[in-house]
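To start, the structure under review is shown below, and the notes come after it.
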Number of protein chains: 4
Amino acid sequence: MTEDRTGVWLIGARGSVATTAIAGCAAVAAGLHPATGMVTATDPFADSGLPPLETLVFGGHDTAHTPLPKRAEELVTSGALPHGLPAALRAELSAADDALRPGGPCPDDPRGEEELIDAFAADLDGFRRTHGLARVVVINVATTEPVPAGDAALPASSLYAAAALRAGCPYVNFTPSAGLHHPRLRAEAERSGLPYAGRDGKTGQTLLRSVLAPMFAQRALSVRSWSGTNLLGGGDGAALTDPGAAAAKNAGKARVLSDTLGELPEGELHIDDVPALGDWKTAWDHVAFDGFLGSRMILQTIWQGCDSALAAPLVLDLARLLARAHEVGLAGPVDGLGFYFKDPDTGSSALPEQWRALLSLAARLGARP
Amino acid sequence: MTEDRTGVWLIGARGSVATTAIAGCAAVAAGLHPATGMVTATDPFADSGLPPLETLVFGGHDTAHTPLPKRAEELVTSGALPHGLPAALRAELSAADDALRPGGPCPDDPRGEEELIDAFAADLDGFRRTHGLARVVVINVATTEPVPAGDAALPASSLYAAAALRAGCPYVNFTPSAGLHHPRLRAEAERSGLPYAGRDGKTGQTLLRSVLAPMFAQRALSVRSWSGTNLLGGGDGAALTDPGAAAAKNAGKARVLSDTLGELPEGELHIDDVPALGDWKTAWDHVAFDGFLGSRMILQTIWQGCDSALAAPLVLDLARLLARAHEVGLAGPVDGLGFYFKDPDTGSSALPEQWRALLSLAARLGARP
Amino acid sequence: MTEDRTGVWLIGARGSVATTAIAGCAAVAAGLHPATGMVTATDPFADSGLPPLETLVFGGHDTAHTPLPKRAEELVTSGALPHGLPAALRAELSAADDALRPGGPCPDDPRGEEELIDAFAADLDGFRRTHGLARVVVINVATTEPVPAGDAALPASSLYAAAALRAGCPYVNFTPSAGLHHPRLRAEAERSGLPYAGRDGKTGQTLLRSVLAPMFAQRALSVRSWSGTNLLGGGDGAALTDPGAAAAKNAGKARVLSDTLGELPEGELHIDDVPALGDWKTAWDHVAFDGFLGSRMILQTIWQGCDSALAAPLVLDLARLLARAHEVGLAGPVDGLGFYFKDPDTGSSALPEQWRALLSLAARLGARP
Amino acid sequence: MTEDRTGVWLIGARGSVATTAIAGCAAVAAGLHPATGMVTATDPFADSGLPPLETLVFGGHDTAHTPLPKRAEELVTSGALPHGLPAALRAELSAADDALRPGGPCPDDPRGEEELIDAFAADLDGFRRTHGLARVVVINVATTEPVPAGDAALPASSLYAAAALRAGCPYVNFTPSAGLHHPRLRAEAERSGLPYAGRDGKTGQTLLRSVLAPMFAQRALSVRSWSGTNLLGGGDGAALTDPGAAAAKNAGKARVLSDTLGELPEGELHIDDVPALGDWKTAWDHVAFDGFLGSRMILQTIWQGCDSALAAPLVLDLARLLARAHEVGLAGPVDGLGFYFKDPDTGSSALPEQWRALLSLAARLGARP
């Protein structure tokens, strides 16, 4: 076992996104499926020195207990994974399942903050040593938490983020939860010298908005209202019926509009839990805009996608990019990753500029030894 | 009368787009309406040396005879112009009407090609001298012609384009008709030293496609089919029931997909004449794409807009840009105007890159003395 | 002045619906517009003995003060009334304005319930005597009230309804407010011998649902979720941001689904206030249903309409139908009017059966002397 | 083997609809799936004396050769049948496959019309005798034929229909092809004393139109245009790229509008072949209508369904209904089946009235001995 392998540690490792990422990485590495949706599998990243998919090793935390092969079968039933795939990848899914560790804090957990962070960091350390990994990228893909009431106590997502710092691991927050963005972690994050990225993966409605809003701005069309409704089955929909969690989600979604249009137009954004839709989501957007001489015009979009299939390849992209960023010594929020996030740490909110920034990062990563 | 005024000569000067451009220019110049939809009225163009709206003088050719003030009233009825505007701008509309000249060739026109071109060029020359104009920009906004059967005879749009060359006028083809792109005019256009631009203004469905197609490409999502239906009232819809005219229109629309996605996906594009919609158009697009592990996803868009209100501010933009390009001595197809066209002479088919190219042109135009 | 004229007393008489009903009645009576959207103007009602439009006299209560001619001009601006109509109908609008009386209770109103009911009943009586009317139909088209917290105090809508009873007037509740449906008014309503109808006019999304839900049921297709979003400008949207008012509205909307499908499917219903839309509303519905062998299918509908233009002709219909019902001596909730309401007093929730019931009422009304 | 079993003979027996009907009948009979989408499985039909699903025996003609178990696997791949079903029903699919006979005429078929009809009738007769069937219902679910150029030669669909008459079999035309509606067969059909039904199964867009068009008519709303686009994968889409076949299809689709609205509104209807959609179809409809005082409103619908899953349960319904109709001695076009067809032989084009007519048929069938 040599140090040419990279660990990917998923917070929420038994969720739909994590299961799809683990299964999908194995499927693509085995040549069962093309790398559709993986941006880092396209030409501009060929010379960036990213770790190959077959060198990724998966582990993670979760408070749930369903084994990964069973979760994969559930995703087949809900239409998120193709039939036959869990059976074909049983060995890989079982191997990842063996590397999972119980998450926390559980209800009535007697451990304090420090104790929990230590325990999680020890899990990360153990994973790295057991598998002889060059490095471990920690990625939060757990269910969205409510916005913390105050800064006093660290929410679970931030405990895991603190553990990543403590164990010297690059970190990605793919959710709108606090994670490493908690005010109490800021100074430590900066001191750590580690690269990190976030937050809130951009997989559907906001992705669309990040190309449409610049179009209106560039054409000097005046957006008067932008309304949206998201119908989500699966765990995400249920979590977001919590008004606090929805607020966290919506803050990121609104930002692309206010950044790009100069001000936030009228209009609300709803996130509905519709279990009948399974892992599929539907997003309807209604944009009322004014044209020349006050003419009233309307654009509507309907996006129907599988949430975990949209997110998983981006998670694999980010694992590869952060691993390489760590290898070449980048520290702090990595410039050029706004392409992936609703609420990016740095840069523009418009997808075209984010794409150019990502290409520039691809070149920078390749230029390093 | 000094040479600080610019002529705008519209082929199809009594049509909806031309009438809206003429009325809109006056309305914005008089402060009755903001310059919504005029890209050249935004900050990046402030120092480009473009002629102010109040210095534009309108004339044009048309084979129809309805006076412009009456056409403007008709556009109020169909919802394309605001109530009260024609009355407020009666003087400006009448002045432009006085400058219009009969178009051609009419049925049974005894004049040959050369004679017609000479007559049109004389009209341009007369307009320039009568009004003491620094220059005259010729813009084709006439009804779309069928694709010419061969290269032998010049279609009307190309006769007008030849007249622009002969009279030393910058030229814009806002339609999919042949115009200056006719093979028989190519050499003369190159020799002329004049700036020109085209073709086929990008006002709705193709505008959307030029931001959505790059999004799919950048996200490595595999587009399997892209189907569309356009419902058009007004003259454009009727003209495009001619299969030849529709073919001309669709060629430009398809180009953005094949250029951006690497190949043309499955799917047809319909243009229906629906007179009940008046000057409004509705475009429905259905995009089936594959995500990770073969998941099947769908994006649909519905665009409801007023065709002439979308086109007119772009026509004013192009008049200003071509006038300045001529002033600073640019020749040939002007780099950086793909932003305005479905089938541009130069550059990318993706709107974000076209926007950057346009900003670059704005800077170049400003840098010249 | 003979007793062949019918009074129409509108609660909320300065609102968009009332203003459109008053202006529209005059416009159709004068032959300026066809009676599009008025069901009672179609053949099956020709022999029902309904009062002609030209015999309707309008009055009403409102707490607002804008004169009707001015309100009509505002509706032109928002696109709800055609240009020129207020000027053409100035006399009729002014006449109706003269017949309006201040509504209540105002903030700090010293009057008690009985006093208010007496005052409103006196207004009705005065209107009838002044104009020598055969009868006065009272119709509530005021802004939706929140669901009353308890049965103790009568909300304003119920004060007006009690006044209608006291003055011997047929009554229609076109809103979801309590009105005559308040428990404290039930016995009195039954004793009154007056005909009444309600509640909550069915003008858009629920109208659609009342034909689509029966289709799914008849085809034995299993509806799994039915989600909807309404975007409303105008006063209605603003009122419905009050969660209590929205609850009142949504109860009626849900009923058509539970009645027709046997159970209420998953899915939420949002009503958003989007002032940019003016008097226009947009309703998006998303229906996920199962077909044969568990196949998952989807129907989506988008309804874009002008709320007051949809409601006003139905208000005129109901005025005519209730007047005739009173004339022929019908008492209690009038059978056969479910066609007009989201939450009807009697009969089916499916539009096709409601239509047959309405035709039957048309015949019954015609059969009476 | 007693005569309590009913034969169902499918023309186009290896197609998607037929395969789904055969597999679905077995799946429902075995309790593997509920009878979703089968109208005859609902309460109103409980006492109509319809043959139970488990007594249906399948056979049919096809010019293709792929075995039914293989076709069923292909439908799993395209998402039209659930995973695992073909394996669970291998015996039933193989049994049906054994009963299939080669269709015709093949290219260069030397047989004349009479010979072909005789051969097909002999197949029907053999099927009935071999399986000891009480009767055999012939149902055309083959690919749509072009509209015949003239009345001279019988198209294939009519040869099969003539064979049904000759063999004394009730007949259903689920497609827009000529079938028994060919002028040359009319007299023979009437003389035969057999019940029959058609034509063109109503499974999606036209189903919607048959409830929406009556809604507009009943509400006195004036439909100005009704435009539609259908995207179809699978064999049907490809067949309908033939303009003749599309014409046949569209005639039925238009009829519901002209019948219900009194005249055919503006607007075209497109049927596109989009193989990427597999067995799924998407139908977009755009309806522009006028409301009160000339207000312009719009309804749009998007229907996404699996064509074979929509059609198959209706095919089973019709097999049961026609078998019972034959048993009780009905002859000629069966009244009350317009519910199933775009272009019904008898009755209204509006779904609600068709539903009542179907309920009436259900009662009539049950009343017979």
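So you know, we letter chains A, B, ... as the sequences are listed, proteins then strands, and number each from 1.
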Task: side chain to side chain donor-acceptor pair (under 3.5 Å) assessment of A:Thr203 paired with A:Lys281 - done: CA-CA 11 Å; A:Thr203 57; A:Lys281 70 176 171 187; 2.9 Å; yes
TODO: Could you have a look at A:Trp355, A:Trp303, A:Phe216, A:Phe339 and say which one has the most heavy-atom pairs with chain B under 4.5 angstrom?
DONE: A:Trp355
Open item on the list: Let's test your reading of the structure: which of B:Gln218, B:Met215, B:Arg356 forms the most heavy-atom pairs below 4.5 Å with chain A?
Closed with: B:Gln218
Task: Those residues of residues 287-295 of chain A, ordered by number, that approach chain B below 4.5 Å (heavy atom to heavy atom) - done: A:Phe289, A:Asp290, A:Gly291, A:Phe292, A:Leu293, A:Gly294, A:Ser295
- [ ] Please look at A:Lys202 and chain B and tell me whether the side chain, the backbone, both or neither of the residue comes under 4.5 angstrom of a heavy atom of that chain.
- [x] both
Task: Contact winner vs chain A - B:Thr301, B:Ile302, B:Leu359, heavy-atom pairs under 4.5 Å - done: B:Ile302
- [ ] Kindly give the heavy-atom pair with the smallest separation between B:Met297 and A:Gly305, and that separation in Å.
- [x] SD-CA, 3.6 Å
TODO: Please look at B:Leu208 and chain A and tell me whether the side chain, the backbone, both or neither of the residue comes under 4.5 angstrom of a heavy atom of that chain.
DONE: both
Open item on the list: Using side-chain heavy atoms (C-beta onward) and a distance below 4.5 Å, is A:Leu361 in contact with A:Asp335?
Closed with: no
Task: Best-contacting candidate, A:Leu351, A:Leu207, A:Leu310, A:Leu221, against chain B by heavy atom pairs under 4.5 angstrom - done: A:Leu207
Open item on the list: If the condition is ring-ring contact (aromatic ring centres under 6.0 Å, His included), which residues does A:Trp280 pass it with, not counting sequence neighbours?
Closed with: none
TODO: Quick one: pull up CZ in A:Arg324 and CG in A:Leu50 and give me the separation to the nearest 0.5 Å.
DONE: 7.5 Å
Using residues 37-44 of chain B as the side-chain source, report each donor-acceptor pair under 3.5 Å to any protein atom, sequence neighbours left out, with the distance given to one decimal.
from	atom 1	to	atom 2	distance (Å)
B:Thr40	OG1	B:Asp317	OD1	2.5
B:Thr40	OG1	B:Arg320	NH1	3.0
B:Thr42	OG1	B:Val39	O	2.6

Task: A:Pro214, part contacting chain B, at a heavy-atom distance under 4.5 Å - done: neither
Name every donor-acceptor pair, under 3.5 Å, that has one atom in a side chain of residues 19-34 of chain B and the other anywhere in the protein, sequence neighbours excluded.
from	atom 1	to	atom 2	distance (Å)
B:Thr19	OG1	B:Gly15	O	2.7
B:Thr20	OG1	B:Ser16	O	2.7

Open item on the list: Looking at chain B, which one of A:Ser210, A:Ser308, A:Ala220 has the largest number of heavy-atom pairs inside 4.5 Å, strictly under?
Closed with: A:Ala220
Open item on the list: Which one wins on heavy-atom pair count under 4.5 Å against chain B: A:Gln300, A:Glu353, A:Arg219, A:Arg296?
Closed with: A:Arg219
Task: A:Val172 and A:Phe341, any side-chain heavy atoms less than 4.5 Å apart - done: yes
Open item on the list: If you apply the rule side chain to side chain donor-acceptor pair (under 3.5 Å), what do you find for B:Ser78 with B:Asp279, and how did you get there?
Closed with: CA-CA 6 Å; B:Ser78 72; B:Asp279 274 289; 2.7 Å; yes
- [ ] List the steps and the verdict of side chain to side chain donor-acceptor pair (under 3.5 Å) for A:Gln205 and A:Asp285.
- [x] CA-CA 8 Å; A:Gln205 189 176 51; A:Asp285 258 16; 2.5 Å; yes
Open item on the list: Which heavy atom of A:Leu85 sits nearest to which heavy atom of A:Leu81, and what is that distance?
Closed with: CD2-CD2, 4.3 Å
Task: Best-contacting candidate, A:Cys306, A:Ala80, A:Ala35, against chain B by heavy atom pairs under 4.5 angstrom - done: A:Cys306
TODO: Counting only heavy atoms closer than 4.5 Å, note whether A:Leu358 contacts chain B via side chain, backbone, both or neither.
DONE: neither
